[in-house]
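Below: the structure, in structure tokens.
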Amino acid sequence: MNAAGNIAEKPAYRERVTDYYAALAQSRDPVCDPIAAQFVPQTAEHRREPAETDDPLNDQGNEVLPRLIHRYHDRVLLLVTDRCATYCRHCFRRHFTAGGAGSIGPAQLASVRAYLDDHPEVVEVLLSGGDPLTLSDSEVEALLAALDDETAGYVLRVCTRVPVVMPSRVTPHLARLLGDRGGLWLVTQVNHPRELTAEFCEAARLLQRNGVPMLNQSVLLRGVNDKLETLSELFRGLARARVKPYYLFQADLAAGTSHFRVAIEDGLTLMRGLRRRLSGLSLPIYALDVPGAGSKLNLETALVRVEPRMYVLRDADGREHRYPRTQAR
Ligand SMILES: *Cc1c(COP(=O)(O)O)cnc(C)c1O
């Protein structure tokens, strides 16, 4: 099939890419190019499997206030905007992202702060969306002020792909704003070694010089990074850029993403290979987020058995969860 045959005429989910990120693709064919795969809609994204939904992690069931998700005991996730600089074709939060909610306003921020003041068990706040760094500097400043470190003392995690898809947005002023907030970590999502450009590394250096520690969460994506060589190069490159590989995610059951999912057995084989090659510093945890578990599952220890159609996984409390096996095609 030629590239045109692989590209969806109409995307199943909002399409947008920065010029910078589009230029990293060597072809526009989403089936052959690991960068194009992440931003060019494929015909396959119109195929929805029975277990797939627009909200695979049940964000909506854990929403304690508009935009505030309290799923795990001591941490909350705040959806500060629905916008991204580039909409990933593998996005798992498509019930919210690009939905038009816009960015959080002062009144909503005040109710979030009130909720946190009422819940002293919460010690970490994840800022996500959408991408928090699509906000203006003054909006970021207002957000940090509402979640200040003097009186509140939360650890903040800014979850963003901006260093990957729009590194020029990481300006000295933005880096200083983030670095001045004690207890702030930046979590990015690099999925392929080709994303580790000079521009990405410069953005990372600027953040680090300003005191911002960085972590990376990759998503295991079929045809993008499901090879031992690719993942080794990716995780070593991240460590060299002083970005700690934190999680390698098994893909969630987002609608129209089955073409990206890798079988868990194959993910475990990749992890065994990585474990033999990489230092602990370079090695992430192979993890899956399942609704109803008290934390993310470490797939290297959580898999109990494989049934004909399901993987059976056990969480830290001994409860079992099921995740469908990818169908051979
Ligand atoms: C992933 C996630 C977290 C953070 O989990 P860690 O395992 O601590 O990284 C917090 N809240 C929600 C809703 C999440 O999905």
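Numbering of ligands and ligand atoms starts at 1, following listing order.
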State whether F260 and R222 meet the cation-pi test: NZ (Lys) or CZ (Arg) under 6.0 Å from the six-membered ring centroid, and within 45° of the perpendicular axis. no
Report yes if some heavy atom in the side chain of V219 is under 4.5 Å from a heavy atom in the side chain of Q189; otherwise report no. yes
Taking all non-hydrogen atoms of both residues, which atom of D149 and which atom of G182 are closest, and how far apart? OD2-N, 3.0 Å
Please identify each residue that fulfils side-chain hydrogen bond (donor to acceptor under 3.5 Å, both in side chains) with H173, with sequence neighbours left out. D137
Under 4.0 Å from ligand 1 - residues by heavy atom, chain and number: I69, R71, Y72, R75, L77, L126, R157, Y246, Y247, D289, K296
Should the heavy atoms of other residues, nucleotides or ligands under 6.0 Å from CZ of R276 be counted, would the total exceed 12? no
Within this structure, what is the NZ-OG1 distance for the pair K10 and T43, rounded to the nearest 0.5 Å? 15.0 Å
